[in-house]
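The structure under discussion appears below in the form of structure tokens.
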Amino acid sequence: MSATPQVIGHRGWPARFPDNTLAGFLAASIVADAVELDVRRCSDGKLVLSHDPELGGLVVAEHPWSELAEVDLGDGHHPALLDELLAALPDLPIQFEIKNLPFQPGFEPDHRVALEAAERARPGDIVTSFYWPSLGAVRSAFAEVATGVLVGHSGDLGSAIESALQGGHAAVLPHVGLPREEMARALEKGIEVIPWVVDEASLARELAGFGVSGIITDDPALIRSALGGNQ
């Protein structure tokens with residue numbers, strides 16, 4: 001495990017650019033070691049980068065890319081496709097967060113969106129999700145693709161650790177507010193710990209000293225400076 005954790009741009013660089021936009025990812029690539037993005041499927045099958053079920057008031061799962069591509073996310077920035085991002089940043093490690101949840105539009109019980117994203121993963125990339133069954137499907141289909149278990153602020157990190165151990169997942173990605181003792185237990189078990197979202201220099205340094213593998217942040221330049229060194 002590296003002494004200095006990876007700095008990971010959360011949805012690109014949202015402190016400066018709208019979420020999940022090519023401009024944000026390109027800017028983040030200058031200062032970050034990796035970026036995190038959100039993957040959904042639109043109505044004509046393309047894999048779109050979007051955290052929320054809607055983009056500009058349009059439900060992603062119910063609209064074709066031709067319409068979604070025209071949405072102004074702010075300052076003239078528009079949504080992007082996963083394939084566009086991969087072409088633009090062929091060498092930057094990426095965390096693919098799969099947005100496939102049973103209570104949201106477009107849910108795919110067969111995990112197709114996760115599998116199609118995983119098919120695009122390169123060495124150094126990792127597929128993550130709050131919906132752990134999708135991670136199991138990825139592990140079954142693509143044993144060489146790293147997977148990570150996401151845990152929200154009210155989630156059970158202990159259960160996530162057990163899921164990682166049983167399912168062969170490389171990492172847990174806990175909300176930064178979850179118990180440190182559970183993070184320590186994951187590290188002791190050989191599981192990478194990658195907390196989110198960390199936007200305070202002092203907290204980043206604390207977590208680095210704790211031994212986490214990566215730090216997901218809305219401001220990668222700030223956290224890069226806090227941890228010292230260059231990309």
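This is a predicted model, so every value here is computed, not measured. What's counted below: heavy atoms across the whole structure, side chains too, no hydrogens, waters or symmetry copies.
- What you find for L135 and G148 is that their closest heavy atoms are CD1-O, 3.2 Å.
- Using a 4.5 Å cut-off between side-chain heavy atoms of Ile, Leu, Val, Met, Phe, Trp and Tyr, with links allowed through other members, F142 and V39 fall into the same hydrophobic cluster.
- Remark: the backbone N or O of P14 is not paired with any side-chain donor or acceptor of D19 at under 3.5 angstrom.
- The nearest pair of heavy atoms linking L115 to A141 is CD2-CB, 3.8 Å.
- Remark: the backbone N or O of R112 is paired with a side-chain donor or acceptor of D110 at under 3.5 angstrom.
- In this structure, D38 CG and I98 CD1 are separated by 9.0 Å, a value rounded to the nearest 0.5 Å.
- Here the CH2-CG distance, from W13 to L222, works out to 10.0 Å after rounding to the nearest 0.5 Å.
- Checking H153, H10, H175 one by one against W196, the ring-ring contact (aromatic ring centres under 6.0 Å, His included) holds for a single residue, H175.
- Residues D125 and I94 come closest through the heavy atom pair OD1-N, 2.9 Å.
- With sequence neighbours excluded, the residues that form a side chain to side chain contact (heavy atoms under 4.5 Å, CB included) with A201 are R205, A226.
- Across all non-hydrogen atoms, the minimal contact from V138 to A118 is CG1-CB, 3.7 Å.
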### Query
E162 and L165: side-chain contact (heavy atoms from CB on, under 4.5 Å), yes or no, with the steps?
CA-CA 5 Å; E162 294 309 312; L165 289 171; 4.1 Å; yes
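- A donor-acceptor contact shorter than 3.5 Å is absent between the side chain of D218 and the backbone of V197.
- Checking side-chain atoms of S163 against main-chain N and O of S159 turns up no donor-acceptor pair under 3.5 Å.
- Clustering ILVMFWY residues whenever any of their side-chain heavy atoms sit less than 4.5 angstrom apart, transitively, puts V7 in the very cluster that holds F210.
- Between D75 and F17, the closest side-chain pair of non-hydrogen atoms is not below 4.5 Å.
- Across every non-hydrogen atom of R224 and A32, the tightest pair is NH2-C, 4.1 Å.
- A distance of 10.0 Å separates CZ of R11 from CZ of F25, quoted to the nearest 0.5 Å.
- Under a 4.0 Å N-O distance rule, the pair E188/R185 does not qualify as a salt bridge.
- Each of I30 and I8 belongs to its own hydrophobic cluster when Ile, Leu, Val, Met, Phe, Trp and Tyr are linked at side-chain heavy-atom distances under 4.5 angstrom.
- Taking CG of L49 as the reference point, atom CG of L55 lies at 9.5 Å (rounded to 0.5 Å).
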### Evaluation steps, side-chain contact (heavy atoms from CB on, under 4.5 Å), between I126 and F96
CA-CA 6 Å; I126 182 170; F96 301 76; over 6 Å; no
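- The pair D52-R40 does not meet the salt-bridge criterion, since no charged nitrogen lies less than 4.0 angstrom from a carboxylate oxygen.
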Show which side-chain atoms of residues 81-93 pair as donor or acceptor with protein atoms under 3.5 Å away, not counting sequence neighbours.
residue: D83; atom: OD1; partner: R120; partner atom: NE; Å: 2.6
residue: D83; atom: OD2; partner: R120; partner atom: NH2; Å: 3.3
residue: E84; atom: OE1; partner: L81; partner atom: N; Å: 2.9

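- Scanning both residues, S213 and I194, for their nearest heavy atoms gives CB-CG1, 4.3 Å.
- Using a 4.5 Å cut-off on side-chain heavy atoms (C-beta onward), V172 and E192 make no contact.
- Among V149, L150, V193, the single residue meeting the side chain to side chain contact (heavy atoms under 4.5 Å, CB included) criterion with P174 is V193.
- With hydrogens and angles ignored, the 3.5 Å screen pairs no side-chain donor or acceptor of Q104 with any backbone N or O of P53.
- A continuous path of Ile, Leu, Val, Met, Phe, Trp and Tyr side chains, each step under 4.5 Å between heavy atoms, connects L227 with V35, placing both in one hydrophobic cluster.
- If you take NE2 on H51 and CG on L37, they are separated by 12.0 Å, rounding to the nearest 0.5 Å.
- Residues T217 and D199 have side chains that bring a donor and an acceptor to within less than 3.5 angstrom of each other.
- Atom CD of Q95 is separated from atom CD1 of I216 by 4.0 Å, given to the nearest 0.5 angstrom.
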